[in-house]
Every structure is written in structure tokens, then in C-alpha cells.
Amino acid sequence: MINLEVPKKAGTLINQAYQAAAEVFRPISRKYDRAEHTYPAELDMFAALLDGLNSSGEGGAGAAGVRRSEKNEKPGNRNGSNLNIVLGTIEMCWGDVGLLLSMPRQGLGNAAIGSVATDEQLKKFSGLWAAMAITEPDCGSDSAAITATARLDGDEYVINGEKIFVTAGERADAVVVWATLDKSKGRAAIKSFVVEKGTPGFEVVRVEHKLGIRASDTAVLRFENVRVPKENLLGTPEIDTAKGFAGVMQTFDNTRPLVAAMAIGVARAALEETRKILTEAGVTIDYDKPVHSQHAAAATFLQLEADYEAAYLLTMESAWMADNRKPNSLQASMAKAKAGRSVVEITLKCVELAGTLGYTEESLLEKWSRDAKILDIFEGTQQIQQLIVARRILGKTSAELK
């Protein structure tokens, strides 16, 4: 096994996140899987704890932004908030990924605000629980095909459109909505806007029933002539056709490693449970013997563990690059692609290795296999991530490689 040395200053955070996962998330994991759409009230106290960790600069297990231009930074390698958040997220999702996605003020919209907001906007939206609304009924993986519109009218933008599969869309205080300022100018005109709950014309249409992450609500939202202050546009209102929509896409440089970290946490949970079951069944996993000379179940387990470690290392790299202000779009997509695919394969194979224990509710293995699938889909599907990686490695544009 490859064991990276965790930064000493992250030790306390990791321990706190693990304790929360072990003592709170795990005991109520099955409860809220069954009680879909019921808000887990037990999470309120931990949300306050994460607020404190994030405000102190140590980072927590929730969402934060990739800030690319910081003043007075010391030169050299830096293990900062992005790495801390990834490490904390892994621990929390070892407990339950759906419950983490239900944590107040730790939504994916908060990552969007943290990534592209101005300093003034960061202060204005501090303390908000923000969801992120990108996907539409006719627009999924191709974010550039967004049809929701935002029209400037005086000092306000008027937003119209419908968004689907919005994580925490019903519970959050606000939603970061992706909309176009001018359809004729393509993806460069796509901007993100903070729309707070209670704004006239903003409606939660329904909450979905899902395969996994049932503790987390997933909503359909409708915007009909919703007016928001022009200051709620994140970043710059200028349409730069040369730059494209790199500004809003920068959000993904942060959220994709987070989703990869979620996948790693779930995969680790499944591997640990499966190791326990195999050991109790008398199967020995020997790291000093060739794979082909071991019990078939042990050989399969070692292969799954190797897959897990590869995803883990890619995720650590992408977070470290963000902390050190290095462009990490390629690495973020690689981490998301690898971890998303691996967690699905690992959890399903663990169900198989555990036999009847894996398929019943006697353990959480069957639940983790259901939770895993979304981690390969949201924040860009497996296929989209592979396409992004191919374009960057080959030096192709989106028009040249589709």
C-alpha cells in the first residue's frame, strides 16, 4: 500500500471528522436512508462546528473555493484549505455521503461562491447555505447548452428557466443559478447568479425520489421573472468570447476533487467492511504473496484496493495543486473520473464478495453501492471527464473533439 504522510496540522481536523462520521453519521445512516426527504436534525450542531473550522482558515469537510490570486503568500509548497477539505470530506463520507450533502452551509453552491465571488460578495453571502443549479431538462453534461436566461433590467437581473437535480435545492438558503446573458454569444455569456429563497418567482417544484444518497434532497426549481440585484452576479458581467466561460467553469476545479473525495470515503468504507467480513470467513489477505497465489476473494480485494489508492493519489494531487495556485482542471477531471468509476466498481464488487451479507440490510454495503452511483454522475459524468482529459492531453478544443 502507498501511505502518504498526512500534514500534521490536518491531524485534528481528520480526527474530528472521523469522530463525527463514526459517532453521528454511521448510527443514523440507515435511518435517513429509509426516511427519505426527512431533514436530519442531528446535523445542525456539526454544521456550526464546520463553520468554525472554515472561518479559522483550517478548513472543514464542506465546500470552499479555489482562490487563484492571494496577496502576501509565502513561496514554496503549501498544504492549505483545499487539501484539508478533501481530507475531511473523505472521513465524513466514510460515515455517510448523503448526510454530508445535507450539512447546512456546506453546499456545492458555497464552492461556487468561494471560487469566483469578489471579496465584497464573499462578505455579503457569508453564512448562506447555497445549492448549485446547472442541469436543465434539455441540458445535462453539456453545460454550454444552458437555456436559462438572465436579462439586465436597470439595477437587477431578471432570471427565467428551470433547473433539475439540484442537490439541497429545497433546504438551502440560496441557489447559485447558471444562466446565459445572451444565447447568441454561446458559452461565453453563461454566468452564475446567487438567488436567495423567498425571492418572488422562485419556486421549488418537487423533490425527487432517488436510488441513493436519500438523506440528501434533490429538487426541481423554476424561475419565472425572478429579479435579483446585479451585484448577485458572481464574477464579472463582461462577455469575453475569447475566454469562453472559464470563470464559471472554475467552480468545477474545486467541486470535482470534492466529489472525488466523497467517492474515496465511500470506497474506503466498503473496503473496510469487506475486509472484516472476509477475515471472519477465514480468508487471509497477504500483501507479501503474489496475487495469483492467494484465495480468489483476497486477490480481488487487493485489486480493488489498488484501484482505490490510485483514485486517492489523484485526488490529493488535484487538491494540493489548488492550494498552490496551480491550474488543476486536468487533474480535477482525472481525479473525478477515476474515483467516480472506481467507487461504483469497488462497492458492487464488495457486495458480491460479501455474499448474502452484502445484499441484505444487515450491513451498509448494499446502501453504499446505491450511494456510489451518483458520485460517477454529478459534477460531470464519467464520459464527460474522459472527454475533458482527452482534450487537454491532445491539445484539442471542444469543437475539434466531441
Are the side chains of Val207 and Thr218 in contact, using a 4.5 Å heavy-atom criterion? no

When you compare the side chain of Leu181 with that of Ile239, does any pair of heavy atoms fall below 4.5 Å? yes

Distance only, no hydrogens: is a donor on one side chain within 3.5 Å (strictly under) of an acceptor on the other, for Lys9 and Asn84? no

For Lys210, which residues count as a salt bridge (Lys or Arg N to Asp or Glu O under 4.0 Å) partner, sequence neighbours excluded? Glu36

Applying salt bridge (Lys or Arg N to Asp or Glu O under 4.0 Å), which residue pairs with at least one partner in residues 170-180 are found, sequence neighbours left out? Arg171-Asp217

With no hydrogens and no angle check, do the side chains of Glu136 and Trp178 hold a donor and an acceptor under 3.5 Å apart? no

Nearest 0.5 angstrom please: Phe378 CZ to Lys336 NZ, how far? 7.5 Å

Give a yes-or-no answer on whether the side chains of Thr360 and Glu366 include a donor-acceptor pair shorter than 3.5 Å. no

If only side-chain N and O atoms count, and only distance matters, is there a donor-acceptor pair under 3.5 Å linking Asn328 with Ser318? no

Checking Asp371 now: which residues fulfil side-chain hydrogen bond (donor to acceptor under 3.5 Å, both in side chains) with it, not counting sequence neighbours? Lys367

Roughly how far, to the nearest 0.5 Å, is the OH atom of Tyr18 from the CG atom of Leu13? 15.0 Å

Using only atom types and a distance under 3.5 Å, with no angle test, would you say the side chain of Thr381 pairs donor to acceptor with the backbone of Ile377? no

Using a distance-only test with no angle check, is there a side-chain donor-acceptor pair under 3.5 angstrom linking Glu305 and Tyr287? yes

With Phe25 via ring-ring contact (aromatic ring centres under 6.0 Å, His included) - residues at least two apart: none

Shortest non-hydrogen separation from Leu43 to Ser102 and the atoms involved: CD1-CB, 3.7 Å

Write down the atom of Leu401, the atom of Ala390, and the distance for their closest heavy-atom approach. CD2-CB, 3.8 Å

List the steps and the verdict of side-chain contact (heavy atoms from CB on, under 4.5 Å) for Arg275 and Leu271. CA-CA 6 Å; Arg275 179 192 288 276; Leu271 287 169; over 6 Å; no

So, for Asp376 and Ala337, which heavy atoms are closest and what is the spacing to 0.1 Å? OD1-O, 4.4 Å

Sub-3.5 Å donor-acceptor pair from the side chain of Asn110 to the main-chain atoms of Gly107, do we have one? yes

Residues which pass ring-ring contact (aromatic ring centres under 6.0 Å, His included) with Tyr39, listed by chain and number, not counting sequence neighbours: none

Working to the nearest 0.5 angstrom, can you tell me the gap between Leu357 CG and Glu280 CD? 8.5 Å

Minimum heavy-atom separation for Val24 and Pro27, please, with both atom names. O-CD, 3.3 Å

Between Glu273 and Trp368, is a side-chain hydrogen bond (donor to acceptor under 3.5 Å, both in side chains) present by the stated rule, with each step listed? CA-CA 11 Å; Glu273 179 70 11; Trp368 293 329; over 6 Å; no

Ignoring hydrogens and geometry beyond distance, is a side-chain donor-acceptor pair present between Tyr32 and Glu42 at under 3.5 Å? yes

Salt bridge (Lys or Arg N to Asp or Glu O under 4.0 Å) partners for Glu352, two or more places apart: Lys349

Any side-chain to backbone donor/acceptor pair from Ser363 onto Leu365? Under 3.5 Å, distance only. yes

When rounded to the nearest 0.5 Å, the distance separating NZ of Lys191 from OG1 of Thr180 is 10.0 Å

So, do Ser192 and Val177 sit near enough that their side-chain heavy atoms are less than 4.5 Å apart? no

So, Asn160 versus Thr149: side-chain donor-acceptor pair below 3.5 Å or not? no

For residues Asp138 and Thr147, determine if any side-chain heavy atom of one lies less than 4.5 Å from a side-chain heavy atom of the other. no

Under the side-chain hydrogen bond (donor to acceptor under 3.5 Å, both in side chains) test, residues paired with Ser333 that sit two or more places apart: Gln385

Examine distances only and state if a side-chain atom of Gln121 and a backbone atom of Thr118 form a donor-acceptor pair shorter than 3.5 Å. yes

Qualifying residues under salt bridge (Lys or Arg N to Asp or Glu O under 4.0 Å), relative to Glu208, sequence neighbours excluded: Arg206

Minimum heavy-atom separation for Thr397 to Glu400, with atom names? N-OE1, 2.9 Å

Between the side chain of Lys289 and the main-chain N/O of Gln294, is any donor-acceptor distance below 3.5 Å? no

Audit row: Asp33, Arg30, side-chain contact (heavy atoms from CB on, under 4.5 Å) steps and yes/no: CA-CA 5 Å; Asp33 181 59; Arg30 183 67 72 183; 3.8 Å; yes

Interatomic spacing from CD in Gln383 to CZ in Arg341 - rounded to 0.5 Å: 10.0 Å

Partner residues of Glu91 under the side-chain hydrogen bond (donor to acceptor under 3.5 Å, both in side chains) criterion, sequence neighbours left out: Arg268

Test item: Thr315 side-chain N/O and Ala311 main-chain N/O as donor-acceptor pair under 3.5 Å: yes

Side chain to side chain, Leu314 and Gln331, heavy atoms closer than 4.5 Å: no

From Cys350 atom SG to Ile277 atom CD1, the distance as rounded to the nearest 0.5 Å: 8.5 Å

Does the Asp307 side chain pair with the main chain of Ser342, one donor and one acceptor, at a distance under 3.5 Å? no

Could you report the tightest heavy-atom contact between Ala339 and Ala263, atom names first, then the distance? O-CB, 3.6 Å

Please list all pairs meeting ring-ring contact (aromatic ring centres under 6.0 Å, His included) that have one or both residues in residues 181-220, counting only residues at least two apart or in different chains. His37-His209, Tyr157-Phe193, Phe202-Phe223

Do Thr199 side-chain atoms and Glu196 backbone N/O form a donor-acceptor pair below 3.5 Å? yes

Is there a donor-acceptor pair closer than 3.5 Å between any side-chain N or O of Asn324 and the backbone N or O of Lys326? no

Please collect all salt bridge (Lys or Arg N to Asp or Glu O under 4.0 Å) contacts where either partner lies in residues 218-235, sequence neighbours excluded, each pair once. Asp153-Arg227, Asp155-Lys230, Glu156-Arg227, Glu162-Arg222, Glu203-Arg222

Let's go through Thr167 and Ser216 carefully: what are the C-alpha distance in whole Å and the side-chain angles of both, what is the deciding distance for side-chain contact (heavy atoms from CB on, under 4.5 Å) to 0.1 Å, and is it a yes or a no? CA-CA 7 Å; Thr167 301; Ser216 170; 3.5 Å; yes

Can Asp182 and Ser184 be counted as having a side-chain donor-acceptor contact under 3.5 angstrom? yes

Any side-chain heavy atom of Lys124 sitting closer than 4.5 Å to one from Glu120? no

Can you name the residues that form a side-chain hydrogen bond (donor to acceptor under 3.5 Å, both in side chains) with Arg26, not counting sequence neighbours? none

What's the verdict on side-chain contact (heavy atoms from CB on, under 4.5 Å) for Ile264 and Val343, showing C-alpha distance, side-chain angles and the deciding distance? CA-CA 7 Å; Ile264 290 165; Val343 69; over 6 Å; no

